[in-house]
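First the proteins, then the strands, lettered A, B, ... as listed; each starts at 1. Just so we're clear, the structure is a prediction, and the values are computed from it rather than from any experiment.
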Amino acid sequence: MPELPEVEVVRAGLEPAVTGATIVAVTVLDDRALTRHTGGAADFEATLTGRVVQAAARRGKFLWLPLAAREGVAAEEAVVGHLGMSGQLLLRATGAAVERHERIRLDIQHPAHGELAVVFADQRTFGSLAVDRLVPTPDAAPGGWGTSEPSVPSQVAHIARDPLDPAFSDRAFRDAVRRKGSAIKRVLLDQTVASGIGNIYADEALWAARIHPETIARTLSARTVGRLLAEVRAVLEKALAEGGTSFDAQYVNVNGQAGYFAHSLHAYGRTGEPCTRCGRPIVRVSFMNRSSHFCPHCQKEPRPV
DNA sequence: GGAATAACCTGGATGC
DNA sequence: TGCATCCAGGTTATTC
């Protein structure tokens, strides 16, 4: 389940291999991996072949590779990707055997590293790649990690910056949270409030901040929201330092290696196990068609409003 | 306009 | 052993 730390590990792994590389061939094995691309597989292949990748950038859970301009097209473009639930971007040798669940392959030629293949594999096909135009950022700050250009793919423009982005506005986050009449966990998962947070890190940050996931967001004080944001950042930074969270083969870096943060979890996936703070069992409840894990002793249920 | 919900999707786990 | 069912969850379209 790739969230911000996992996607950042992938971006950082891709960056040195793709920056300055030319895409020499594109192979689409499964059209479903192009659900965000408007022109279909043939258009995707034709649009990318021969283009030079300028960087590897990320905002929240979205990745993009800005492309050098092409003759006759004024708009700046990028390959934008989302890993969904089970997507992987892998670096392989040119001509390497087709991966299980491989959907798209980009063969590239790098001036220093030679020939490589960027493989997009995805078991559940929730992820996708697309060619998209770049649009200016409203605040004129860089679009995200890995780029100094003040632009983002149009498909990414609607989501907020992520909490590790230097241009993230703590004040805007606090104001947005305190306007919401929904449960705080729902708000944390809302990518237009803050991007990059998924089910795992939402549970972990709420546990760390001792906030019950069903607390109505606007009932939280500004100080509590500030504390929660600090815990969000802490859990994301720790997960990033440990290479992300891997429960199975669903998340790996570009070399196919797993992360270690699963060993540092306090709430997510620990149903029935003792809370590392108070010793009482962690509980799991169904929430928004998914799971929510918390300590009912440390994270008191909110009183009815 | 804000909030809630369903649908998309595949493979592993579980139960019968 | 084989089949059916459940579950995992990020995003988006739809509904209320």
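- A donor-acceptor pair is defined here as one N or O able to donate and one able to accept, closer than 3.5 Å; no such pair exists between the side chain of A:R284 and the backbone of A:G272.
- Between the P atom of C:dA8 and the CE atom of A:M85 lies a distance of 10 Å, rounded to the nearest Å.
- A:S291 comes within 4.0 angstrom of sugar-phosphate atoms only, judged by non-hydrogen atoms across all strands, and of no base.
- The aromatic rings of A:H82 and A:F62 lie perpendicular to each other, with more than 60° between the two planes, well past the 30° mark.
- The distance from atom CZ of A:F62 to atom C1' of C:dG10 is 9 Å, rounded to the nearest whole Å.
- The stretch residues 177-193 of chain A comes close to DNA chain B through A:K180, A:G181, A:S182, A:R186, each having a heavy atom under 4.0 Å from the strand.
- Among residues at least two apart or in separate chains, salt bridge (charged side-chain N to carboxylate O under 4.0 Å, His left out) pairs with a member in residues 51-62 of chain A are A:E8-A:R58, A:R51-A:E77, A:R58-A:D162.
- Summarising the geometry, the separation between CZ on A:R124 and C1' on C:dT12 is reported as 18 Å, rounded to the nearest angstrom.
- Note: OH (A:Y268) to P (C:dA8) measures 8 Å, nearest angstrom.
- Atom CD of A:E76 has 12 or fewer neighbouring heavy atoms from other residues, nucleotides or ligands inside a 6.0 Å radius.
- Note on the helix from B:dG2-C:dC16 to B:dC16-C:dG2: terminal axis deviation equals 50°, with five pairs used at each end and the result rounded to 10°.
- Residues satisfying the ring pair (Phe, Tyr, Trp, His ring centres under 6.0 Å) test with A:F294, not counting sequence neighbours, are A:H212.
- Residue A:D122 contributes atom CG, which lies 14 Å from atom C1' of C:dA8 at whole-angstrom precision.
- Side chain of A:R174 to main chain of A:A222: no donor-acceptor pair is present (N/O by atom type, distance under 3.5 Å, no hydrogens or angles).
- A:S291 approaches A:D203 most closely through the heavy-atom pair O-OD2, 4.0 Å.
- Surrounding CZ of A:R36 are more than 12 heavy atoms belonging to other residues, nucleotides or ligands, all under 6.0 Å away.
- Under the 4.5 Å side-chain heavy-atom criterion for Ile, Leu, Val, Met, Phe, Trp and Tyr, A:L65 and A:V24 are members of distinct hydrophobic clusters.
- A:T47 places no side-chain N or O within donor-acceptor distance of the main-chain N or O of A:F44, the cut-off being under 3.5 Å.
- In this entry the distance linking CZ of A:R36 with C1' of C:dT11 reads 6 Å, nearest Å.
- We find that CD1 of A:I197 is positioned 14 Å from C1' of C:dG10, with the value rounded to whole Å.
- Computed from coordinates, the A:L83 CG to C:dA8 P distance equals 21 Å when rounded to whole Å.
- Within the structure, the ring pair (Phe, Tyr, Trp, His ring centres under 6.0 Å) test picks out no pair touching residues 8-28 of chain A (sequence neighbours left out).
- If you walk DNA chain B from 5' to 3' and mark each nucleotide with an atom closer than 4.0 Å to a heavy atom of chain A, the marks span B:dA3 to B:dG12.
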